[in-house]
Protein chains: 2
Amino acid sequence: MGSSQARRMPVMADVAREAGVSHQTVSRVLNEHPNVRSETRTRVLEAIDKLGYRRNLVARALVTKHSRTLGVVSFDTTLYGPASTVYGIEQAARAAGYFVSIVSLKSIDRSGVRDALDYLADQGVDGIVVVAPQRSAAQTLADLAPGVPIVAVEGGEAGDVSVVCVDQVEGGRLATEHLLALGHETVWHVRGPSDWLEAEGRVAGWRAALAQAGRAAPEPLAGDWSPRSGYEAGRSLASMAGVSAVFVANDQMALGVLRAFSEQGVKVPDQVSVVGFDDIPESEFFSPPLTTIRQDFDAVGRNSIEVLLRQIEGEGPRACERLVVPPSFVVRASTARA
Amino acid sequence: MGSSQARRMPVMADVAREAGVSHQTVSRVLNEHPNVRSETRTRVLEAIDKLGYRRNLVARALVTKHSRTLGVVSFDTTLYGPASTVYGIEQAARAAGYFVSIVSLKSIDRSGVRDALDYLADQGVDGIVVVAPQRSAAQTLADLAPGVPIVAVEGGEAGDVSVVCVDQVEGGRLATEHLLALGHETVWHVRGPSDWLEAEGRVAGWRAALAQAGRAAPEPLAGDWSPRSGYEAGRSLASMAGVSAVFVANDQMALGVLRAFSEQGVKVPDQVSVVGFDDIPESEFFSPPLTTIRQDFDAVGRNSIEVLLRQIEGEGPRACERLVVPPSFVVRASTARA
DNA sequence: GGGAAGACTGTGAACGTTAACAATGGGTCC
DNA sequence: GGACCCATTGTTAACGTTCACAGTCTTCCC
């Protein structure tokens with residue numbers, strides 16, 4: 001207290017003077033260069049401590065050309081899936097000593113993704129993770145400003161860029177096979193928006209399972225991931241005859257379906273079985289507790305950072321990896337024998 | 001295609017040469033300095049375009065001492081509240097031309113917050129928003145590395161640092177008064193963890209409303225925000241006599257309470273009325289749809305950036321602001337006349 | 001026509017770090 | 001004992017931008 005603007009932050013030269021060495025020796029101590037006499041090292045360390053010196057990472061980044069910052073582009077981090085993935089990414093990145101700079105897109109159009117990418121590249125990030133599971137986003141990645149490594153999460157086919165994703169097709173298949181195994185004649189599906197690769201994958205898994213069992217696939221009902229859209233789909237389903245099993249593409253919509261059924265007096269699981277997707281923390285406490293497919297978002301986040309760092313730090317030509325995380329099945333009380 | 005490593009990025013000097021001016025003139029064009037002949041400006045702009053030049057923000061930050069990056073420290077961005085707040089912050093920051101660097105804490109202890117703050121300060125952020133509504137976090141902010149402006153979201157009393165928050169006490173009061181107005185003798189409360197300021201505020205509002213109406217306040221039941229803890233509290237409440245109205249400190253726990261009541265055959269709202277807090281997207285589709293207190297996380301995010309920027313860009317002594325966002329009341333179907 | 005004000009442009013020096021290279025000193029090996 | 005190596009340290013020059021200041025060229029006024 002006292003001086004209005006504490007005297008200027010000490011720099012490396014100040015530490016050097018204090019310790020009676022050159023600034024380069026200070027730099028060497030900071031960077032753990034092996035060839036520094038241990039007595040010198042302690043002297044420098046003491047000086048650093050005494051002066052309260054902190055290395056200026058901006059200056060460092062300027063000369064090394066590495067910011068130790070990773071960029072994350074995501075769509076609507078308010079949703080549980082993206083939020084969890086970003087969280088996993090952030091944890092993994094920090095553990096690896098990287099900062100995380102984030103851009104949340106409100107809507108995904110080609111130019112939005114491109115802008116976000118440019119924006120992050122300008123800032124000098126060492127690599128970028130794109131959590132944007134829409135087809136439109138995935139395509140944009142192909143023709144990106146080169147030079148900065150990229151990993152796509154849930155990124156579809158991926159011509160040129162590495163991808164980490166959950167096996168959505170397998171998830172859809174698991175859900176459907178479970179319902180079929182319970183003796184249901186066929187399985188209805190409330191799908192996610194058609195622009196989303198995840199939605200497509202789940203539809204594909206559902207179709208495949210039905211086809212394999214030789215059952216007809218009813219027309220899927222369209223949703224937009226929101227509980228409301230699930231509710232509306234639920235009302236439609238409740239009014240239709242012969243619906244005994246529904247696979248809903250995410251837990252939020254499943255909640256809406258459950259609500260609609262409950263309003264219409266349709267008992268779950270007595271009259272209709274319902275399976276969701278995601279396993280959000282709430283699912284276990286739905287009425288009834290929801291049987292669902294769990295995605296390990298944490299693993300996705302961790303893996304994407306691993307792949308990205310391999311690209312950043314690795315030598316040689318950038319191999320384009322594709323890493324698939326398996327989903328798992330969580331049985332609760334919303335499904336029953338037909 | 002072709003060169004394995006595209007030739008080095010052009011720098012300002014390259015643009016200058018191309019346009020036949022000095023590097024300083026290029027800088028002036030980039031920074032929209034008024035005294036540049038418009039013909040010169042176009043020439044520079046063309047050169048920039050032709051070369052595909054992009055300004056190096058790291059070098060710029062080194063000399064200006066401003067990174068145009070804001071730090072965000074948050075606790076568990078997987079929860080709806082923090083996620084929404086961070087989202088609002090990010091949108092507002094980007095709109096103001098700032099990058100956002102984020103640190104998500106797994107648990108909040110004094111040293112965790114301090115480390116996060118140091119970490120961000122090292123990176124050279126121009127300001128920090130701390131979304132850490134625990135008392136322990138709030139206290140740490142007081143004795144922080146000075147020099148970098150800070151705003152606390154949901155930060156409690158705040159000796160020295162600006163705070164933006166939702167009026168939790170008012171929220172608790174609204175919920176309780178609503179239930180009292182419906183004719184309930186008293187209102188039970190499932191509270192959040194005691195370390196959280198938000199939990200305290202809601203308890204205080206609930207107590208105040210009961211006291212004002214001259215009613216006795218039953219012992220609150222402890223929860224940890226999770227649906228499971230709500231479920232357990234719900235089981236206790238279901239087994240107790242004379243419970244007709246419950247104010248639950250967040251929607252997730254309210255879901256657990258609803259589930260427990262449903263299992264025990266307690267009808268909501270016929271036998272017991274329930275009010276939640278947050279208004280998460282799911283609440284509208286609970287069984288029954290939940291009456292709750294809505295927090296405008298978006299406004300909180302926007303306001304916190306406004307306050308922070310005022311501190312960063314404003315001249316003069318840093319005024320310590322306190323901005324309170326009012327909660328609003330959402331009536332749905334989980335409450336009824338006693 | 002002399003001078004001053006202002007518009008426009010250029011030159012050199014920061015900013016704080018790491019990289020590259022040079023210098024010193026002590027030892028080892030033959 | 002001289003060549004050579006290695007550990008340790010210092011010196012100088014980048015990195016790519018903005019800032020401070022110094023020009024130059026108009027223009028305008030008396």
Side-chain angles (χ1 to χ4, degrees), chain A residues 5 7-45 47-48 51-69 97 99 121-126 147, chain B residues 5 7-45 47-48 51-69 97 99 121-126 147:
Chain A
Q5 192 67 292
R7 78 176 134 291
R8 95 178 198 299
M9 289 278 285
V11 299
M12 214 172 245
D14 299 321
V15 175
R17 198 172 321 113
E18 175 76 25
V21 297
S22 74
H23 64 123
Q24 177 64 308
T25 297
V26 177
S27 171
R28 275 191 271 254
V29 170
L30 253 25
N31 293 315
E32 287 167 343
H33 187 99
N35 291 349
V36 177
R37 199 148 43 108
S38 85
E39 193 240 332
T40 311
R41 188 194 319 281
T42 28
R43 201 140 39 88
V44 170
L45 257 19
I48 287 176
L51 267 41
Y53 167 78
R54 317 218 62 180
R55 160 159 63 182
N56 182 329
L57 293 186
V58 173
R60 177 176 220 235
L62 177 59
V63 51
T64 60
K65 305 206 181 293
H66 295 303
S67 58
R68 292 201 77 79
T69 298
F99 295 94
D122 269 5
Q123 197 199 9
V125 297
D126 295 343
Chain B
Q5 191 68 292
R7 79 173 134 291
R8 97 177 197 298
M9 290 279 283
V11 299
M12 213 171 247
D14 299 320
V15 175
R17 197 173 320 113
E18 176 75 25
V21 296
S22 74
H23 63 122
Q24 177 63 325
T25 297
V26 177
S27 170
R28 275 191 271 255
V29 169
L30 253 25
N31 294 313
E32 285 166 347
H33 187 100
N35 293 349
V36 176
R37 201 152 39 113
S38 85
E39 193 240 332
T40 311
R41 189 194 320 281
T42 27
R43 201 141 37 90
V44 170
L45 257 19
I48 287 176
L51 267 43
Y53 166 78
R54 318 218 62 180
R55 162 158 60 181
N56 181 329
L57 293 185
V58 173
R60 176 175 220 231
L62 176 60
V63 49
T64 60
K65 306 206 180 292
H66 296 302
S67 59
R68 291 201 78 79
T69 297
F99 296 93
D122 270 4
Q123 198 200 9
V125 296
D126 294 342

Is the distance from OP1 or OP2 of [N] to the nearest side-chain N or O of [X] less than 4.0 Å?
| X | N | value |
| --- | --- | --- |
| B:N35 | C:dG6 | no |
| B:T40 | C:dT9 | yes |
| A:K65 | C:dT18 | no |

Work out which heavy atom in [X] is nearest to a heavy atom in [Y]; give both atom names and the distance.
| X | Y | value |
| --- | --- | --- |
| B:R28 | B:V36 | CB-CG2, 3.9 Å |
| A:Q123 | B:V58 | O-CG2, 4.0 Å |
| A:V11 | A:Y53 | C-CE1, 3.5 Å |
| B:A16 | B:H23 | CB-N, 3.6 Å |
| A:S67 | A:G124 | OG-O, 2.6 Å |
| B:V26 | B:M12 | CG1-CG, 3.5 Å |

### Task
Give, ordered by number, those residues of residues 18-25 of chain A having at least one heavy-atom distance below 4.0 Å to an atom of DNA chain C; if nothing qualifies, reply none.
A:H23, A:Q24
Tell me: [atom1] of [X] to [atom2] of [N], nearest whole Å?
| X | N | atom1 | atom2 | result |
| --- | --- | --- | --- | --- |
| B:E39 | C:dT9 | CD | C1' | 13 Å |
| A:D14 | C:dG16 | CG | P | 9 Å |
| B:R43 | C:dG10 | CZ | P | 9 Å |
| A:R37 | C:dG26 | CZ | C1' | 12 Å |
| A:E32 | C:dT18 | CD | C1' | 16 Å |
| B:M12 | C:dG10 | CE | P | 14 Å |
| A:R28 | C:dA20 | CZ | P | 13 Å |
| B:H33 | C:dT9 | NE2 | P | 10 Å |

### Query
What pairs meet the salt bridge (charged side-chain N to carboxylate O under 4.0 Å, His left out) rule with one or both residues in residues 29-38 of chain B, with sequence neighbours excluded?
B:R37-B:E39
### Task
Hey, which sits more toward the 5' end of DNA chain C by its nearest nucleotide, B:V63 or B:S38?
B:S38
If you look at every strand shown and take non-hydrogen atoms under 4.0 Å, does [X] touch a base, only sugar-phosphate, or nothing?
| X | result |
| --- | --- |
| B:N56 | sugar-phosphate |
| B:R55 | sugar-phosphate |
| A:V36 | sugar-phosphate |

### Query
Are any of the side-chain heavy atoms of A:V21 and A:R43 separated by less than 4.5 Å?
yes
### Task
Compare all side-chain heavy atoms of A:L30 with those of A:I48 and state whether any distance is below 4.5 angstrom.
yes
### Query
chain B on DNA chain D: first and last contacting nucleotide, 5' to 3', under 4.0 Å to a heavy atom?
D:dG16 to D:dA20
### Task
Look at the side chain of A:R41 and the backbone N and O of A:V29, then say whether any donor-acceptor pair between them is shorter than 3.5 Å.
no
